[in-house]
Structure formats: structure tokens, C-alpha cells
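I have placed the structure first, in the form of C-alpha cells, so that the comments after it can refer back to it.
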There are 2 protein chains.
Amino acid sequence: MAEQHELRDKGLRLTPQRELVLAAVRELGHATPEEVAEKVRATHPGINLSTVYRNLETLENVGLVQHAHLGHGGATYHAAEELTHLHLVCGTCGSVGDAPIDVAANFVQNLADDYGFKTDVSHFAIYGLCAACVK
Amino acid sequence: MAEQHELRDKGLRLTPQRELVLAAVRELGHATPEEVAEKVRATHPGINLSTVYRNLETLENVGLVQHAHLGHGGATYHAAEELTHLHLVCGTCGSVGDAPIDVAANFVQNLADDYGFKTDVSHFAIYGLCAACVK
DNA sequence: AAGCAGTTGCGAATATTTCGCAACTAGCGT
DNA sequence: ACGCTAGTTGCGAAATATTCGCAACTGCTT
Ligand SMILES: [Mn+2]
Ligand SMILES: [Mn+2]
Ligand SMILES: [Zn+2]
Ligand SMILES: [Zn+2]
């Protein structure tokens, strides 16, 4: 008597909207609330944008999704189980590249040692110039 | 015949508003457009917020100021000549700590070597848990 | 002194996220 | 199965943050 549904297990009511928002986040990789809404509308045309915002927040509170900041604008959401990676955003062409968190291991260690700071390197993007734009 | 004024040297007109916006950014360390406006209003009460936005953009274009993203909200501006540092923002208590860019030297090198990515580590904040909140 | 392009103030337009509230409904108890 | 209640939704409005259009103004060049 437990694994009825992952949402119920987190103490949440199982509504079609909530289920679809979670599914959309998982399918999209990372997406803005607007993009999630658009995806959900494929199967549930009537969903309201505020419902998407509220569910993203709720899902984040129970640890099923997380948000990150990839650009100058709003946040994007991704499934929590997705293995995290760095986002390298180029200030010139706007491209967003990925890199495994390992490349930051040393950096993270430095911050822990010197400042007692426990870093989540993937919450904010890493900004700079991509290889193409450096030239 | 050159050093009339640093703004003129950049090809910009010297207006009281522009001069005051630049001065405010320099005095404030890092500040949001709203904070810059408030500071400027001490000497020039009538300045409009859009004038502040426009001047920050203009000043950034000529390299006198830069912006960074320290939190979930909007950007903050700082003088370009200010030696850059990392911003360690705590997701729990919201504190913003500073750290010299050196701690990221190795990380920056890794990204350059592995991805040809030229990193500006201080454009986005580094997110995590501060020493106090780790406990 | 005169002219013009750059700049400002102001109000409106966008864009994004949050809120209040009445209608609705998932899940519990009976 | 049926109903109750608290959680959830849709909707419109409000709150934020940033950008824009435009007419009036002004710094700078000639
Ligand atoms: Mn930026
Ligand atoms: Mn965040
Ligand atoms: Zn690029
Ligand atoms: Zn903290």
C-alpha cells in the first residue's frame, strides 16, 4: 500500500493538470513556464498559465522539479532526477551549451574549503563566449 | 586635446543625468536600475526611470559599466573598472557573499581547455548554501 | 547665434509573475 | 455509492519590471 502514484506519495492531489505539467517538464528537458503550458495544451487545451506556475512551484517544493537561470530572463524548469549539468551561455550568439558538472569539481571544492559554501553550480548559467564567437 | 571628459571621450554627450547615473553606479558598488535612480534623485530629483535604464545601457555599450545577475530578479550594474569578484548567493537566507575571481581560475581554465569557452564567472552569481545555512 | 542630432520626460505598451476569489473536484470517511 | 471538505483550477485583475513612441529640450558643432 504505497506506490499508487508518485504524486500521491508526495502528499499531492493527483490532478490531470499537475500530472501533465510534470510530464511536460520531463519531456522538454528544460523549459520556461510558457513552454510547459504550450506543451500541456496539446492534451489539455484549457490549462491556465497560472495553474502551470502554481504546479511548477508545488512540484519544486516536493523535489520533483527544479529551476535554473539560463539567461537574462526568467527561470527554466527541469526534472529533478535529470542528472545536472552546467549551462554555458554565450553572450554574443546566445547559444546554450552543456558541460558535465565534473569540470567544476575543483571550483566547488575551493568554495567549500575557503568559504564553507556548498555550491550548486547548475542553478545559474555560466556566462562567456562560446568557441565559435571567441574567434 | 582629448581628456575633456571621460564621457565625451567615449563619444557620448555629457548630460547631468548621464554623469549622475555613472557616478551613482560607481558609488553604489552594485545596484539595480531602481536603486541607481533613487541615488541620482538626491541631486537631480526629476530624473525619469527610463532615462536611467537608457543610460545604463548606453554606458554599458561604451564599456564604462557592466551588469550582473545576482538573484532571481533583475540585473545589477557596477562600474567596469571595479575589480570583478564572484557573488555567492545563498538559496536559504538570501545573503550575497563575495569571493575573489582567483578561486575560479582552475574552473575557467578547464572550460577554456575542454570547450574553448571564454568564461566570465562574475556575470551570473554562484548559487548554493552559505556556511551559516549549511549547518 | 543657429541648427541638428542626441537626449529627456512622460505616458502607454509589453512582458512576466502573482493574487483574490468563486467554481470545481480528488480523496477521505461513512 | 454519497457527501464533505480542503486542495485545486480558471479567470480576471494586480503587481513588477522593462521597453517604446513621441514631442519637447539641449549639448555640441559650425
Ligand atoms: Mn546578463
Ligand atoms: Mn533561482
Ligand atoms: Zn557564441
Ligand atoms: Zn545562507
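Chain letters run A, B, ... following the sequence lines, proteins first and then strands; every chain starts at 1. This structure is a prediction, so every number in the text was calculated from the model and none was measured.
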task: Would you kindly compare A75(B) and T15(B) by the position of their nearest DNA chain D nucleotide and give the one closer to the 5′ end?
output: A75(B)

- line: To the nearest angstrom, the CG-C1' distance between L14(B) and dT29(D) comes to 15 Å

task: Taking side chain to side chain contact (heavy atoms under 4.5 Å, CB included) as the test, write out the residues that go with N48(B), two or more places apart.
output: S50(B), T51(B)

task: Look at R54(B) and dT19(D) and indicate whether a side-chain polar atom (N or O) is within less than 4.0 Å of OP1 or OP2.
output: no

- request: Answer whether the closest heavy-atom distance between the side chains of H67(A) and E57(A) falls below 4.5 Å.
  value: no

query: Think R13(A) has a side-chain N or O under 4.0 angstrom from the OP1 or OP2 of dT5(D)?
result: no

- request: Quick one: pull up CZ in R54(A) and CG in L49(A) and give me the separation to the nearest 0.5 Å.
  value: 10.0 Å

query: Out of L129(A), I126(A), D98(A), which one pairs with L88(A) under the side-chain contact (heavy atoms from CB on, under 4.5 Å) rule?
result: I126(A)

field: Under the salt bridge (Lys or Arg N to Asp or Glu O under 4.0 Å) test, residues paired with R26(B) that sit two or more places apart
entry: E6(B), E81(B)

message: My understanding is that only residues two or more places apart in sequence, or in another chain, count here; which of them pass ring-ring contact (aromatic ring centres under 6.0 Å, His included) with H78(B)?
response: none

task: Check DNA chain D against residues 19-53 of chain B and give the residues with a non-hydrogen atom under 4.0 Å, in numerical order.
output: S50(B), Y53(B)

Below 3.5 Å, can you tabulate the donor-acceptor pairs from side chains in residues 29-42 of chain B to any protein atom, sequence neighbours excluded?
unit_1	atom_1	unit_2	atom_2	d
H30(B)	NE2	H87(B)	NE2	3.0
T32(B)	OG1	E35(B)	N	3.1
T32(B)	OG1	E35(B)	OE1	3.4
E35(B)	OE1	T32(B)	N	2.8
K39(B)	NZ	E27(B)	OE1	3.2

- line: Taking for P16(A) and for Q17(B) the nucleotide of DNA chain C with the nearest heavy atom, the one nearer the 5' end belongs to Q17(B)

query: Earliest and latest nucleotide of DNA chain C, 5' to 3', sitting under 4.0 Å from a non-hydrogen atom of chain A?
result: dT16(C) to dC28(C)

query: How about L59(A) and V25(A): do any of their side-chain heavy atoms sit closer than 4.5 Å?
result: no

